[in-house]
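Read the structure below first, then the notes.
Labels below follow one simple rule: chain letters A, B, ... track the order of the sequence lines, proteins then strands, and each chain is numbered from 1.
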2 protein chains.
Amino acid sequence: MYTDLMNAPRTARQRARAELTREILDAARRQLGEAGPSALSLRAVARELGMASSAIYRYFKSRDELLTALIIEGYDEIGDAAEAADDPAAEPDERWTAIWRGVREWALTNRHEFALLFGTPVPGYAAPPQAAVAAGRMPLALARVVADAKAAGVLAPPPAPTCDPALIDAGTAELLPGAGFDADETARVILAWNRLVGIVSYELHGHLHRVTADDAGFFDYTARVSGAFAGLRFA
Amino acid sequence: MYTDLMNAPRTARQRARAELTREILDAARRQLGEAGPSALSLRAVARELGMASSAIYRYFKSRDELLTALIIEGYDEIGDAAEAADDPAAEPDERWTAIWRGVREWALTNRHEFALLFGTPVPGYAAPPQAAVAAGRMPLALARVVADAKAAGVLAPPPAPTCDPALIDAGTAELLPGAGFDADETARVILAWNRLVGIVSYELHGHLHRVTADDAGFFDYTARVSGAFAGLRFA
DNA sequence: CAAAAAAGTGAGCAGTGCTCTCGTTATGAA
DNA sequence: TTCATAACGAGAGCACTGCTCACTTTTTTG
């Protein structure tokens, strides 16, 4: 993909190509923030860059491919946000809350990008395989806290309903960090990840309007609930 | 709105209007199922009905208004699904699971409508007030089970992290059925509602691809986890 | 230096939401 | 029953979209 060309540009042309690719992405990003994914217009991007609309197609084969590039970038940024918020030296409960807050923060300041990642998929769009690893970074940050708590022996045993190992994909468990997660622990991480995205989506899409009174406060409460379910002990 | 005109059509013209309005909605619904929300085209709907595209505007002021009508219809249908799945005579845990499954079933057979309700909001769209009551029916079905379990004295006490009452909107608690819900109970219902929508969204959007191995099974597990958190006892 | 590859251009196609004007038709009051 | 009014449908048209194609210009490379 385009990222290949960003590395080690040799000729002037390749350098220009990398730069322009970046500029297209930036312009698209700016437009995304103003109008939302469905209103992203290739022609408008071209206009902003002062080039013919057809020239964009030298860089991205289609509008969907541009969106895909933005999606991968988004997954990476939300992964960055989660990892940057995590201080491995801190206590598990603090780490957990920090990661949650970091993700929410990113979502609030990049709501259209967030919608691109976790909202309705665009037309007939299928997630490209290279997005999978980027997409996994955020939930992995959560898993790391659980893994460290487990290694430190401060992880609470799983609560009542247990998860049948057959429900979890074989590849998932071994993808998780630290000493092997069992099905219950894996399920708890999956649900925490789903909960984090779910509650942020609700806030962003207005479903909590007139339901909760303090979005940030309710979010923190949700983080604690989710962390406790995942086996962390909160002060 | 258009629904007003559906009731008690008197003159032939009013009857024709009501019928055509319904046909437009049906055609739009059909198109939605084939292509998704972003691809819903007013012109295509008009073509299917054999009328000029401009004539549609006599019935819906804009594409967004058509979508709004579909959204309200969707909220009502998912409310129907939840209520129809609920057998008030059954045990709380069975009722809970039945409602969850009913909602999932509806979502699987109406995935585009589901996306319309809980996915990325369309362009600059704001949820119309008349949608609020329809939107509340599904979570209310969940709340009813909790309320009945509470009345029967079989509701488990809230788990560790408690919810500050200040986080819940004042109107929410009194909207819930049965003897007054406190903040903790209300929060648990909100989170159950959010969880149900969240896990279905994940399944529908493919985020669980290669993460879980059995979508229906993991969904049931999630329902149990969520029900237990809400205070229900599962067999 | 010349051939080849890449980049940029502008016209054009088929489609979109939406507006406007224009005839037609049904309705409800005089 | 007459008739002004309001509702309706049609069609042209505007500004926009994604995308393709033939064409020229520029850069790289053998």
Nearest-nucleotide pick for A/R58, side chain only, options being D/dA10, D/dC19, C/dA7: C/dA7
Options C/dG8, D/dT28, D/dC19, nucleotide nearest the side-chain atoms of A/A12: D/dT28
Short side-chain to backbone donor-acceptor contact, A/W96 and A/A223, under 3.5 Å: yes
Salt-bridge contact B/R95-B/E83 (side-chain N to carboxylate O under 4.0 Å): no
Contact under 4.0 Å: A/R63 side-chain N or O vs D/dC19 OP1/OP2: no
Short side-chain N/O contact from B/R47 to OP1 or OP2 of C/dG15, under 4.0 Å: no
Sugar-phosphate only, base, or nothing, as touched by A/S62 at under 4.0 Å among non-hydrogen atoms: sugar-phosphate
Plane angle bin for B/W193 and A/H207 - parallel if under 30°, tilted between 30 and 60°, otherwise perpendicular: perpendicular
Atom-to-atom span, CG of A/L42 to C1' of C/dG8 - whole angstrom: 16 Å
Rounded interatomic separation in angstrom, taking CD from A/Q14 and P from C/dA5: 15 Å
Salt bridge present between A/R29 and A/E34 (N-O < 4.0 angstrom): no
Rounded interatomic separation in angstrom, taking CZ from A/F60 and P from C/dA7: 13 Å
Six-ring centre of A/Y59, A/R17 cation under 6.0 angstrom, axis tolerance 45°: yes
Minimum-distance nucleotide to B/Y59 side chain [options: C/dG17, D/dG9, C/dA7]: D/dG9
Any B/R43 side-chain N or O less than 4.0 Å from OP1/OP2 of C/dG17: no
Interatomic distance where OH belongs to B/Y57 and C1' belongs to D/dC14 [whole Å]: 13 Å
Minimum-distance nucleotide (side-chain atoms of B/T11 versus C/dA5, C/dG28, C/dC18): C/dG28
For atom CZ of A/R17 and atom C1' of C/dA6, their distance in whole Å: 8 Å
Rounded distance in Å - CG (A/L67) to C1' (D/dT17): 14 Å
Touch class at under 4.0 angstrom, heavy-atom based, for B/I56 against every strand present: nothing
DNA chain D: 5'-proximal contact among B/S54 and B/R13 (nearest heavy atom): B/R13
Spacing of A/E19 atom CD relative to C/dA7 atom P, expressed in whole Å: 14 Å
Euclidean distance, atom NZ of residue B/K61 to atom P of D/dA7 [Å, nearest integer]: 13 Å
Touch class at under 4.0 angstrom, heavy-atom based, for B/L49 against every strand present: nothing
Sugar-phosphate only, base, or nothing, as touched by A/L66 at under 4.0 Å among non-hydrogen atoms: nothing
A/S41 vs D/dG18: side-chain N/O to OP1/OP2 distance below 4.0 Å: yes
Cation-aromatic face contact B/R137/B/Y75, 6.0 Å, 45 degrees: no
